[in-house]
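To find a chain, count down the sequence lines: A is the first, B the second, and so on, and within it residues start at 1. Bear in mind the structure is a predicted one, so any value in this text is a computation, not a measurement. Side chains included, hydrogens not; waters and symmetry mates left out as well; all remaining heavy atoms used.
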Amino acid sequence: MQFYNTLGRKKEEFYTVDGNHAKIYVCGPTVYNYIHIGNARVFVFFDVMRRYLRQAGYEVTYVQNFTDVDDRLIEAAKTTSESVEQVAERYIDAYFQDMDHLGVERADVHPRATEHVPEMIEAIQQLLADGYAYEVAGDVYYRTKRKTDYGKLSQQTVADLKIGARVEVNDQKEDPLDFALWKASKPGEISWETPWGMPGRPGWHIECSVMAKKYLGDTLDIHAGGVDLCFPHHENEIAQSEALTGQPFARYWLHNGFIQMGDQKMAKSLGNVKRVVDLRSEYSAPAIRYFLLSVHYRQPITFTKQVMEQAEAAVERLQTAVNNVQHLLKQAEPGDVKPVLTEKLERLSNKVKAAMNDDLNTANAISVLFEAAKLANEEVAQQANQGSLQAIIDWFSLYGETLFGLVELSEAEILDHEIEMLIEKRQQARANRNYQEADQIRDELAAKGILLEDTPQGVRWKRKS
RNA sequence: GGCGGCAUAGCCAAGUGGUAAGGCACGGGUCUGCAACACCCUGAUCCUCGGUUCGAAUCCGGGUGCCGCCUCCA
């Protein structure tokens, strides 16, 4: 299994430090607002990565934080006259609702920054004691010059970064590249007491260093997030953590690409942010997942209406194939799975694995789902036996449902009696060649959201999506 | 100014040295009372110029265009 490691900028064979135990930390949301489709890409994709690692035999510990204190939260609380805690609570709930809807599993631990302040203060004290940090008027800054490898993740030297000259001016800092570990609070703001006198709150980067260490140890196997976090957030995490422990912080750094809105960046200032909570009523969850997973994770994706409609159609093709198999299964001849089919399915499984092993190429892996759908449809047309149909269902259960969450295998719902009667009545009418009545009943059912399909395997029905 | 990414059929998107996966849409056909589902058939020499090579979408160089990070934006 190979991953493209931002640290080193190349694909590397993946292996864990600790046997088959994979320790993963993913940067979670700052809970000052509803999450948007770009956030969802991170959470959906790395959730799929976790699922794949599990299928590949790893025991995964997956940690994803909530940043529940920062400038934006304080700002949001001010405008609604709430406490920072209330704002955080609301958007953490909203986060879980969005993720549940999209079929993203919970992390093993969802640590919150505000619940780890003592540990952060402890870490900052150690950095101060070891000369990696200095305090100015209640703020504490990390001294980036202290270690020579600062910039190794983003592959920029300290000199390069300075030439950039887009660093903020702050005459309190010894060096413009230094960043805040701790910020003194203004009166009335949320704050914690500190050993160095002034109350304040943690800087952004320190929480991830501290919480990752607490739940996963000094060295993580995988640290992941959006590509924008590469610098400065992840760079700074590395600096702090490695200053604290003397150990490599994370062995594989994975960064996913951005989502573009049409031809422009998605940004609040442009007013084109697509929130998941809004998308939920426009598109099905599988279609949103397909949109996010049908492109390799490091590539940018462009969000357009057309692409979403294509996603909807694509996913429907998969679901229809599964439905067709399940429909026939109820009335199929008993029998064992055909050896030829077993072989074909195994070949498809291997293709999925090969794609995923190659830097989690979900785009390629998903194309195999369509090959499987075609195979499924062929088997249905040939009136395959129970064993064969079940084998197809099992295949889709593993990859279509468990790995990618693009199809559902739940049992078809029970139709209510009235609808069953109508279907039966229409069959009578068709048998009597009374097509006018048959079509009328079909229209009637369509109005109730039930679509009928007359197939060589009998009448099928589905809910209008 | 520094660092980095991208450019493949109408649209989306894989492919990183041996003559272009998959999906959506379009058209033709089979099936069907019709419709739907499904199946079959149909489409590209890969932004451009030059180089390396027996051979390049794939490697190197120039050009054009688009984009990201360097601003607590995933």
Side chain to side chain, A:F291 and A:E312, heavy atoms closer than 4.5 Å: no
Gap between atoms CD and C1', on A:E453 and B:rC39 respectively (whole Å): 15 Å
Kindly indicate whether the side chain of A:N364 and the base of B:rG22 share any N or O donor-acceptor pair separated by less than 3.5 Å? no
Counting only Watson-Crick or G-U wobble pairs whose two distances fall under 3.5 Å, which nucleotide matches B:rU30? B:rA38
Would you mind telling me which residue lines up with the more 5' stretch of RNA chain B, A:Q306 or A:G38, judged by nearest nucleotide? A:Q306
Quote, to the nearest angstrom, the C1' distance that separates B:rG43 from B:rU52. 33 Å
Under a 3.5 Å cut-off for both contacts, is B:rC3 paired Watson-Crick or G-U wobble with anything, and if yes, with which nucleotide? B:rG68
Could you check which of B:rA14, B:rC40, B:rC24 has an atom nearest any side-chain atom of A:A314? B:rC24
Between A:K173 and A:V136, does the side-chain contact (heavy atoms from CB on, under 4.5 Å) criterion hold? Intermediate values first, please. CA-CA 8 Å; A:K173 294 184 191 175; A:V136 185; over 6 Å; no
How close or far is atom P of B:rC24 from atom CG of A:L406, stated in whole angstroms? 13 Å
How would you label the contact of A:R430 with the nucleic acid (heavy atoms, under 4.0 Å): base, sugar-phosphate, or nothing? base
Separation of B:rA14 C1' from A:D359 CG (nearest whole Å): 13 Å
Indicate, with a heavy-atom threshold strictly under 4.0 Å, whether A:I259 touches base, sugar-phosphate, or nothing. base
For A:T455 and A:H296, take the nucleotide of RNA chain B holding the closest heavy atom to each; which residue's nucleotide lies nearer the 5' end? A:H296
Given the structure, check if the side chain of A:R442 and the base of B:rA35 hold any donor-acceptor pair shorter than 3.5 Å. yes
Let's test your reading of the model: under 3.5 Å, does the base of B:rG22 pair with the side chain of A:E371 as donor and acceptor? no
At under 4.0 Å between heavy atoms, what does A:R201 touch on the DNA or RNA strands: base, sugar-phosphate, or nothing? nothing
Below 4.0 Å: OP1/OP2 of B:rC40 and any side-chain N or O of A:K374: yes
Paired nucleotide for B:rU58 [Watson-Crick or G-U wobble; both distances under 3.5 Å]: none
Closest heavy-atom contact between A:F179 and A:H205? CD1-CD2, 3.5 Å
Assess whether one donor atom and one acceptor atom, taken from the side chain of A:Q260 and the base of B:rC67, lie less than 3.5 Å apart. no
Looking at B:rA74, B:rC3, B:rC37, which one has an atom nearest to any side-chain atom of A:R9? B:rC3
Minimum-distance nucleotide to A:R460 side chain [options: B:rC37, B:rC73, B:rC34]: B:rC37
Rounded to whole angstrom, note down the C1' distance from B:rA7 over to B:rA44. 15 Å
Is A:E316 close to A:K462 at the side-chain level, that is, under 4.5 Å between some pair of heavy atoms? yes
How would you label the contact of A:N377 with the nucleic acid (heavy atoms, under 4.0 Å): base, sugar-phosphate, or nothing? sugar-phosphate
If you look at every strand shown and take non-hydrogen atoms under 4.0 Å, does A:F179 touch a base, only sugar-phosphate, or nothing? nothing
Specify whether A:W253 and A:H255 have parallel, tilted or perpendicular ring planes, treating 30° as the upper limit for parallel and 60° as the lower limit for perpendicular. parallel
Taking atom C1' in both B:rC11 and B:rG51, what distance in whole Å separates the two? 34 Å
So A:E309, base contact, sugar-phosphate only, or nothing? Heavy-atom distance under 4.0 Å. nothing
Just checking A:G203: base, sugar-phosphate only, or nothing, at a heavy-atom cut-off of under 4.0 Å? nothing
If I take atom CG in residue A:L452 and atom C1' in nucleotide B:rA35, what distance separates them, rounded to the nearest angstrom? 10 Å
Nearest whole Å is fine: how far is B:rA7 C1' from A:R298 CZ? 17 Å
Rounded to whole angstrom units, what separation is found between the CD1 atom of A:I301 and the C1' atom of B:rG5? 15 Å
From the set B:rA14, B:rC39, B:rC73, return the single nucleotide nearest to any side-chain atom of A:R317. B:rC39
Here the distance between atom C1' of B:rC34 and atom CG of A:L445, to the nearest Å, is 16 Å
With rounding to whole Å, what would you report as the distance between B:rA20 and B:rU8 at their C1' atoms? 8 Å
With salt bridge (charged side-chain N to carboxylate O under 4.0 Å, His left out) as the test, pick out the partner of A:R201 among A:D70, A:D139, A:D71. A:D71
To the side chain of A:N361, which of B:rA14, B:rG23, B:rC3 is closest? B:rA14
I'd like to know whether the aromatic ring centres of A:Y32 and A:Y91 sit less than 6.0 Å apart in this structure. no
Side-chain donor or acceptor of A:N323 under 3.5 Å from a matching atom on the base of B:rC37? no
What nucleotide, of B:rG33, B:rA14, B:rC69, holds the atom closest to the side chain of A:F231? B:rC69
Inter-nucleotide P distance (B:rU19, B:rG4), Å rounded: 33 Å
To the nearest 0.5 angstrom, please state how far the NE2 atom of A:H296 sits from the CG atom of A:L360. 7.5 Å
The side chain of A:A313 lies closest to which of these nucleotides: B:rC39, B:rC24, B:rA74? B:rC24
Taking the inter-plane angle between the rings of A:Y134 and A:Y141 on a 0 to 90° scale, is it parallel (under 30°), tilted (30 to 60°) or perpendicular (over 60°)? tilted
For atom P, what is the distance between B:rU45 and B:rA21, given to the nearest Å? 14 Å
For nucleotides B:rA14 and B:rG27, find the distance between their P atoms and express it as a whole number of Å. 27 Å
What is the base-pairing partner of B:rU53, counting Watson-Crick and G-U wobble geometry with both distances under 3.5 Å? none
Span that lies between the C1' atom of B:rC26 and that of B:rC41, in whole angstrom: 14 Å
Does B:rG23 have A:F370 stacked on its base, where the ring centres are within less than 5.5 Å and the planes differ by under 30°? no
Between B:rC69 atom P and A:N236 atom CG, what is the distance in whole Å? 17 Å
